[in-house]
Q: 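I have a structure here, written as structure tokens, and I will follow up with some questions on it.
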Amino acid sequence: MMILERRDFMNVKQIEQQLEQSNFKREASDFKSLVKIYQLCHSGANEIGTKLENLDEEYSMTYDHNPIHHMEERMKSTSSLFEKLERKGYKPTIENVQKHIRDIAGIRVVTNYIDDIYRVEKALTEQSDVTLLKRKDYIENPKKSGYRSLHLVVSVPVFQSVGVSDVPVEIQIRTIGMDMWASLEHKLRYKTNADPKKVKQHSANLKAYAKELNDIETRMQAIFSDLQDH
Ligand code: GTP
Ligand code: MG
């Protein structure tokens, strides 16, 4: 059985507290708009999460195989939201959040095999109410670090009492091996107090391991595909 881990949705109080600690000291109406954006994005993530759960269940019934191992859903913290605006050179306004930020809601989909990544992508983006806004294939073209994953930004309509809006959701799709690698590499990347020489060595090793992991997952994929065919 596949599990979707839904992190606690940040409530208004939490967003308010985060905003107080940030530089976003603006009108009360701006604050309310930001809370509304978060709420809308959270609904968007729920819509996509449900679609993915349904696809996994259907696939498992039809082919006796679960493409999805598990999923995680996260909302961007307000501090990383403002950091990102600043990094991109935009002022922290509601307009800029709406125009330039498409990853307030994020879902990470961890698949069992490499083929499952593209299977999930195809089945999701073919749906008539899902629009692909951005696609980066870091499996075809791994990052310099060795990082591999398929990154998508899609939009999905969210129906509210006040009407319907198209909401962006960021989706990272990767195998168990790629996910394991990314967690460890992330840990290394944010260990600021570590010995730089050691970090350099670990980074070099990790880059090589990313390739090795990919080779192993490709070969395991071949065994699995062979077994599925017979
Ligand atoms: P943003 O606008 O900042 O999102 O830039 P971008 O769209 O170019 O971002 P990118 O496609 O690089 O994806 C950003 C996310 O991917 C990060 O938040 C990480 O979760 C993940 N990621 C990207 N590169 C790496 C990497 O080298 N190591 C790890 N561990 N994660 C990475
Ligand atoms: Mg991003």
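Order of listing sets the numbers, starting from 1, for every ligand and every atom in it. Keep in mind that this is a model prediction, so the values were computed, not measured.
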Q: Show the atoms of ligand 1 that are less than 4.0 angstrom away from any heavy atom in E185.
A: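 Close to E185: 26 (C), 27 (O), 28 (N), 29 (C), 30 (N).
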Q: Between R189 and E185, is there a side-chain N and carboxylate O pair less than 4.0 Å apart?
A: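 Yes.
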Q: Using a 4.0 Å cut-off to any heavy atom of A182, which atoms of ligand 1 qualify?
A: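 That gives atoms 30 (N) of ligand 1.
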Q: Please give me the minimum heavy-atom distance between K91 and N96, naming the atom from each residue.
A: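 Closest pair (atom of K91, atom of N96, distance): O-ND2, 2.8 Å.
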Q: Which atoms of ligand 1 are found less than 4.0 Å from any heavy atom of R87?
A: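 Answer for ligand 1: 3 (O).
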Q: For atom 14 (C) of ligand 1, which of the options M178, R174, H151 provides the nearest non-hydrogen atom?
A: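 Considering heavy atoms of M178, R174, H151, the nearest to atom 14 (C) of ligand 1 sits in H151.
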Q: What are the atoms of ligand 1, with element, lying closer than 4.0 Å to any heavy atom of Y138?
A: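 Numbered from 1, ligand 1 contributes 10 (P), 11 (O), 12 (O).
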Q: Give the numbers and elements of all ligand 1 atoms closer than 4.0 Å to a heavy atom of K134.
A: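 Answer, ordered by atom number: 7 (O).
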Q: State the atoms of ligand 1, each with its element, that fall below the 4.0 Å cut-off from a heavy-atom position in S145.
A: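 Heavy-atom distances to S145 below 4.0 Å select 26 (C), 27 (O).
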Q: If you measure only the distance, is there a donor-acceptor pair under 3.5 Å linking the side chains of Q221 and S225?
A: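 Yes, side-chain donor-acceptor contact under 3.5 Å.
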Q: Tell me whether D56 contacts the main-chain N or O of I68 through its side chain, where contact means a donor paired with an acceptor under 3.5 Å.
A: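 Between the backbone of I68 and the side chain of D56 there is a qualifying donor-acceptor contact (under 3.5 Å).
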Q: Give the single entry among R189, K207, K143 that approaches atom 26 (C) of ligand 1 most closely by any heavy atom.
A: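 Nearest heavy atom to atom 26 (C) of ligand 1 lies in R189.
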Q: Give a yes or no on whether a salt bridge exists between E170 and K76, defined as a side-chain N under 4.0 angstrom from a carboxylate O.
A: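 Salt bridge absent between E170 and K76.
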Q: In terms of atom number and element, which parts of ligand 1 are under 4.0 angstrom from non-hydrogen atoms of K88?
A: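 Near K88, meaning under 4.0 Å from one of its heavy atoms, ligand 1 has 2 (O).
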Q: Would you check if the side chain of R74 reaches a backbone N or O of I104 as a donor-acceptor pair within less than 3.5 Å?
A: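 Checking the backbone N and O of I104 against the side chain of R74, a donor-acceptor pair under 3.5 Å is found.
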Q: Just checking, any donor-acceptor pair under 3.5 angstrom between side chains of H69 and D116?
A: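 Not at all, the side chains of H69 and D116 share no donor-acceptor pair under 3.5 Å.
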